[in-house]
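Every value quoted in this text rests on a predicted model; they were computed, and no experiment measured them. What you see below is based on every heavy atom in this structure, not just the backbone, and it leaves out hydrogens, waters and symmetry mates. So you know, we letter chains A, B, ... as the sequences are listed, proteins then strands, and number each from 1.
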Amino acid sequence: MSENRIRVRFAPSPTGYLHVGGARTALFNYLFAKKTGGTFILRIEDTDRTRFQEDSLKEIFDSLKWMGIEWTEGPEKGGDFGPYIQSERLDIYKEYAQILWDRGQVYPCFCTPERLEKMRKEKELRKEQHGGYDRRCREISKEEAQKRIDAGEPYVLRLKAPLEGSISFVDGIRGEIETPVTMVDDTVLMKTDGYPTYHLASVVDDHLMEISHVLRGDEWIASTPRHILLYKAFGWQPPVIAHLPVILSPDGGKLSKRKGAASVMDYKRAGYLPEALLNFLSLLGWNPGDDREIMSVDDIIEAFDMNRISAKPSVFDEDKLTWMNGQYMEHYDSAKLLADVEPMWAEKGLPVADFSAGYKEHVVSLFRVRCKKVTEFGENGGYFFKDPEDYDAKQAGKQFTTAVKPAFDKIVEKADGVADWNRAALEGLFHGIADELGMSAGKINPAVRLAVTGVGGGPDLFDMLELLGKDCVKRRVAAASAWIEKNV
RNA sequence: GUCUCCAUCGUCUAGCCCGGCCUAGGACAUCGGCCUUUCACGCCGACGACAGGGGUUCGAAUCCCCUUGGAGACGCCA
């Protein structure tokens with residue numbers, strides 16, 4: 001094993017579902033690890049007890065697994081750098097906070113949330129540059145501080161940030177980013193409840209877990225100077241830090257549930273395939289450098305290059321995702337699709353249990369090219385399991401004429417004579433009947449389609465008739481003939 | 001408000017770092033057409049962008065500055 005091994009992590013907070021922006025961050029970390037032969041680590045950042053949601057953990061795990069983004073170290077997998085859940089690492093953070101305490105790099109702050117809020121409000125009124133902490137407790141003497149701590153007064157630990165100059169770091173995607181220290185106040189490292197803040201926990205963990213590259217969302221850019229300060233305080237070498245651009249909704253704002261689906265599982269429910277979502281997400285803010293768009297994960301990994309990640313935010317275009325999904329659908333494994341589709345059919349009350357898996361897969365394969373989302377299968381194809389109960393009114397008016405009735409009757413009559421019920425034989429039969437009656441096939445075929453399905457569009461007629469079988473076709477065409485008798 | 005980041009077709013983007021090959025390429029969407037005795041797929045075509053203004057240069061989408069616009073951050077949230 002080489003000395004400079006690549007180790008990356010995805011570190012979500014279990015505060016809800018995994019949204020597509022988070023999934024993209026996870027994906028890029030995963031791709032980078034795979035490309036470089038590195039390790040992809042999952043770490044749970046649950047240091048905010050007030051926002052923690054138990055279900056969220058499962059939701060995040062399921063979302064990642066569904067997309068095929070498998071972590072090699074982390075919860076459920078273990079590893080040499082665990083535990084991978086921050087609430088189980090409290091002693092570690094305390095230990096490292098103590099180190100900073102001993103070095104005089106942090107100080108206790110007794111300011112109450114109420115006072116801080118008041119201070120912020122006043123600052124805002126005075127139109128000061130920004131609402132950072134006013135450092136009131138920074139000058140409290142060690143003796144007095146100790147006295148107040150001993151007296152049981154609640155406090156947080158704050159990092160002593162420099163009072164002048166600027167802090168800069170080289171972003172892996174954007175290059176150098178310099179921040180004036182006026183924007184960086186004395187960051188809270190330990191909260192009153194004894195939990196670390198994100199800043200302390202992630203820096204300590206990234207160091208201890210030997211993370212080589214931090215690839216995260218760009219909402220962290222403004223916090224990075226604080227992290228740099230922390231690395232300095234500890235005397236550690238920071239990892240390469242790179243910030244991914246945000247994903248926006250079509251109206252330009254943040255992608256949210258209100259503007260349609262936003263969580264990975266919502267897209268699953270909406271009928272998208274994991275491969276398509278992954279492919280689509282990979283092309284948001286990145287491209288392989290050539291014109292390829294439909295790419296397997298392996299293709300993407302092969303082509304992946306951090307240098308080609310863009311700094312520009314991108315809009316999540318669901319139309320393009322839908323198109324891409326259709327592309328995947330066309331060649332997707334029928335059995336796999338059926339697993340998702342069958343419950344949809346069953347839910348509509350179709351007697352799917354009465355049909356063989358082979359038959360159902362065949363139905364799926366007939367519709368595959370025509371559907372862009374898995375959910376569309378559920379909306380179509382009912383007539384493969386049940387005779388049509390009525391006919392599309394507009395189509396019926398056009399197709400069901402007294403002129404086609406003789407053709408229907410001939411089909412019923414001659415069907416038994418067809419030895420091999422396949423599309424070639426059926427085409428022959430239909431042509432024969434058309435000739436016999438002096439009709440064009442263009443007249444008969446659409447009418448038969450309507451008779452058999454009840455609707456005007458769908459898979460190739462003869463493929464359908466072959467699959468439906470002789471008895472079924474005879475029955476339905478006869479029913480349509482009777483319908484004409486009665487209604488026309 | 002302050003700070004930071006970003007800026008090529010409606011959208012995703014190539015080209016930008018290392019100026020000329022850009023008459024700015026591809027994809028989605030849209031609109032036409034072809035294929036098809038349905039629908040879809042597929043194929044062909046059309047529409048369509050270097051945010052604006054200054055520089056630098058023989059030459060700028062590419063480098064610099066300003067303006068404008070957008071996004072993010074400014075918590076004992078992550």
Between rU13(B) and rC76(B) - P atom distance, rounded Å:
35 Å
Please give me every residue in residues 324-333 of chain A whose heavy atoms get under 4.0 Å of an atom in RNA chain B, ordered by residue number.
Gln327(A), Glu330(A)
Interatomic distance at C1', rG52(B) relative to rC39(B), whole Å
48 Å
So that I know where these two stand, are Phe61(A) and Trp71(A) an aromatic pair - ring centroids less than 6.0 Å apart?
yes
With ring pair (Phe, Tyr, Trp, His ring centres under 6.0 Å) as the rule and sequence neighbours excluded, what pairs involving residues 440-460 of chain A come up?
none
Taking OP1 and OP2 of rU2(B), is either one under 4.0 Å from a side-chain nitrogen or oxygen of Thr182(A)?
no
Atom-pair distance (NZ on Lys312(A); C1' on rA61(B)), nearest Å
13 Å
Quantified in whole Å, what is the C1' atom distance between nucleotide rU11(B) and nucleotide rA7(B)?
15 Å
Determine, for nucleotides 44-49 of chain B in 5'-to-3' order, which nucleotides have protein heavy atoms under 4.0 Å from the base (write B), from only the sugar-phosphate (write S), or from neither (write -).
------
Ignoring hydrogens and angles, does a donor from either the side chain of Lys320(A) or the base of rA27(B) sit under 3.5 Å from an acceptor on the other?
yes
Using a strict 4.0 Å threshold on nitrogen-to-oxygen distance, state whether Lys320(A) and Glu293(A) make a salt bridge.
yes
For Thr47(A), report the nucleic acid contact type (base, sugar-phosphate, nothing); a contact means any heavy atom under 4.0 Å.
sugar-phosphate
Identified side chain to side chain contact (heavy atoms under 4.5 Å, CB included) counterpart of Leu31(A) within the set Leu215(A), Ile69(A), Ile300(A)
Ile300(A)
Looking only at heavy atoms, the pair that brings Gly132(A) and Asp185(A) closest together is CA-OD2, 3.3 Å
Taking it one step at a time, do His19(A) and Val264(A) satisfy side-chain contact (heavy atoms from CB on, under 4.5 Å)?
CA-CA 6 Å; His19(A) 58 88; Val264(A) 169; over 6 Å; no
5'-most contact on RNA chain B: Ala441(A) or Leu284(A), nearest heavy atom basis?
Leu284(A)
Using atom CZ of Arg9(A) as one end and atom C1' of rA78(B) as the other, report the distance to the nearest whole Å.
11 Å
Where along residues 167-180 of chain A does a heavy atom come under 4.0 Å from RNA chain B, residue by residue in number order?
Arg174(A), Ile177(A), Glu178(A), Pro180(A)
P-based separation of rC63(B) from rC21(B) [nearest Å]
15 Å
Whether Arg370(A) contacts rC41(B) is assessed here as follows: a side-chain N or O lying under 4.0 Å from the phosphate OP1 or OP2. Is that the case?
no
Would you check if Glu318(A) and Asn325(A) make a side-chain contact, meaning some heavy-atom pair closer than 4.5 Å?
no
Whichever of Gly457(A) and Val315(A) has its nearest RNA chain B nucleotide further upstream toward 5':
Val315(A)
Determine the interatomic distance between P on rC9(B) and the same-named atom on rA51(B); round to the nearest Å.
7 Å
Among Arg368(A), Lys360(A), Glu361(A), His362(A), exactly one meets side chain to side chain donor-acceptor pair (under 3.5 Å) together with Ser334(A). Which residue is that?
Arg368(A)
Below 6.0 angstrom between ring centroids: does that apply to Trp286(A) and Phe28(A)?
no
Side-chain touch Leu337(A)/Met329(A), heavy atoms, less than 4.5 angstrom
yes
Interatomic distance where OH belongs to Tyr195(A) and C1' belongs to rA78(B) [whole Å]:
15 Å
Just by distance, no angles: are the side chains of Tyr391(A) and Gln399(A) close enough, under 3.5 Å, to form a donor-acceptor pair?
no
Can you tell me how far P of rC6(B) sits from CG of Leu244(A), to the nearest Å?
14 Å
From CG of Leu200(A) over to C1' of rC77(B), roughly how many Å is that when rounded to an integer?
15 Å
Check the distance between rU2(B)'s P and Met183(A)'s CE and give it to me in whole angstrom.
11 Å
What does Glu293(A) touch in the nucleic acid at a heavy-atom separation under 4.0 angstrom: a base, only the sugar-phosphate, or nothing?
base
Can you name the nearest heavy-atom pair linking Ile484(A) to Lys405(A), along with the distance?
CG2-CD, 4.1 Å
Examine Tyr231(A) together with Phe169(A) and report whether their ring centres are nearer than 6.0 Å.
no
If you look only at pairs with a residue in residues 456-466 of chain A, which of them pass as a side chain to side chain donor-acceptor pair (under 3.5 Å), with sequence neighbours excluded?
Arg423(A)-Asp460(A), Arg423(A)-Asp463(A)
For nucleotides 64-72 of chain B, 5' to 3', base contacts (B), sugar-phosphate-only contacts (S) and non-contacts (-) with protein non-hydrogen atoms under 4.0 Å give -------SS
Determine the interatomic distance between P on rG10(B) and the same-named atom on rU56(B); round to the nearest Å.
32 Å
Does this structure show an ion pair linking Asp290(A) with Arg292(A), if we count only N-O contacts that are shorter than 4.0 Å?
yes
A side-chain contact here means heavy atoms from C-beta on lying under 4.5 Å apart; do Pro14(A) and Gln53(A) qualify?
no
What integer number of Å spans the P atoms of rA71(B) and rG59(B)?
37 Å
Round to a whole Å and report the spacing from CZ of Arg292(A) to P of rC28(B).
17 Å
Nucleotide rC39(B), atom C1' - distance to CD of Glu379(A) in whole Å
15 Å
